Amino acid sequence: MSVTATTGAEARLGTWLFLASEVTTFGGALGIFALARHAAGGWGEAAAHLQLPLALANTALLLAASGAMALAHRAARDDGRRAARRWMVAAALLGVGFLAVKGVEYNRELASGFTPSTGPFWAFYFALTGLHAVHV
């Protein structure tokens, strides 16, 4: 079995197909969330139990991981394998940080008695954030 190099056009097509799958998956999930939220009340009260500082920390971790991956891509493109490796390790560690914070959030919510069966908000919260955690 021989391995052939990917052309630039094939790599770009693969990237666009990957992005299309991401938009479809997360766009659909968030669209269903928005429709469900519009159809039912009481979501604000349930959402008030979430911790904004933890959500902001996770957002910062994800943005930093995205930046690290962009720098890894640039380093790989410029034939800087060592730098690319370092940036990918940094992105992975930031992803682990995200998962750790998500674990703290889940532990806090579950200890407070909030589970996916508690109500529609919690079902969506755990489903969407769990999907995102698996994605990371």
Side-chain angles (χ1 to χ4, degrees):
M1 178 185 294
S2 68
V3 177
T4 59
T6 303
T7 67
E10 290 170 334
R12 280 191 295 280
L13 176 61
T15 299
W16 282 109
L17 290 173
F18 171 75
L19 289 174
S21 74
E22 295 289 293
V23 168
T24 302
T25 300
F26 287 101
L30 292 173
I32 293 168
F33 167 79
L35 289 172
R37 182 174 181 165
H38 179 71
W43 290 55
E45 181 182 320
H49 293 279
L50 301 176
Q51 294 293 304
L52 183 60
L54 292 175
L56 291 173
N58 261 346
T59 300
L61 287 166
L62 290 174
L63 289 172
S66 294
M69 279 307 295
L71 291 169
H73 179 267
R74 179 183 293 174
R77 184 190 63 210
D78 296 341
D79 207 26
R81 287 179 166 227
R82 236 173 138 179
R85 240 183 260 121
R86 280 196 306 270
W87 284 116
M88 285 193 294
V89 167
L93 291 174
L94 289 162
V96 168
F98 167 84
L99 293 174
V101 172
K102 188 53 60 192
V104 168
E105 284 183 297
Y106 277 9
N107 186 50
R108 183 183 180 284
E109 301 310 336
L110 293 169
S112 297
F114 301 115
T115 68
S117 63
T118 303
F121 172 84
W122 294 106
F124 274 104
Y125 169 78
F126 284 107
L128 292 176
T129 58
L131 174 64
H132 195 228
V134 168
H135 177 261
V136 167

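Count residues from 1 along the sequence. Everything numeric here is computed off the predicted structure, so don't read it as measured data. Side-chain atoms are counted along with the backbone in the values below, which use heavy atoms only and exclude waters and symmetry mates.
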Derivation of the side chain to side chain contact (heavy atoms under 4.5 Å, CB included) call for F126 and E109: CA-CA 10 Å; F126 284 107; E109 301 310 336; 4.0 Å; yes

Within 6.0 angstrom of R77 CZ, more than 12 heavy atoms from elsewhere: yes

Value rounded to 0.5 Å, distance of CH2 in W87 from CG in L94: 9.5 Å

ILVMFWY cluster, L17 and L19 together (side-chain gap under 4.5 Å): no

Separation of R12 CZ from E10 CD (nearest 0.5 Å): 10.5 Å

Side chain to side chain contact (heavy atoms under 4.5 Å, CB included) evaluation trace for H135 with E22: CA-CA 10 Å; H135 177 261; E22 295 289 293; 2.4 Å; yes

F121 vs F114 side-chain heavy atoms within contact, under 4.5 Å: no

Within one Ile-Leu-Val-Met-Phe-Trp-Tyr cluster: L110 and L128, side-chain cutoff 4.5 Å: yes

Over 12 non-hydrogen atoms of neighbours within 6.0 angstrom of CZ in R108: yes

When the side chains of residues 23-37 are checked against the rest of the protein, which donor-acceptor pairs come out under 3.5 Å, sequence neighbours left out?
| from | atom 1 | to | atom 2 | distance (Å) |
| --- | --- | --- | --- | --- |
| T24 | OG1 | A20 | O | 2.8 |
| T25 | OG1 | S21 | O | 2.9 |

Which atom of A84 lies closest to which atom of A75, heavy atoms considered: N-CB, 3.5 Å

W43 side chain reached by P120 side chain, heavy atoms, under 4.5 Å: yes

Show me the donor-acceptor pairs within less than 3.5 Å that the side chains of residues 45-71 make with the rest of the protein, sequence neighbours left out.
| from | atom 1 | to | atom 2 | distance (Å) |
| --- | --- | --- | --- | --- |
| N58 | ND2 | E105 | OE1 | 3.4 |
| T59 | OG1 | A55 | O | 3.0 |
| S66 | OG | L62 | O | 3.1 |

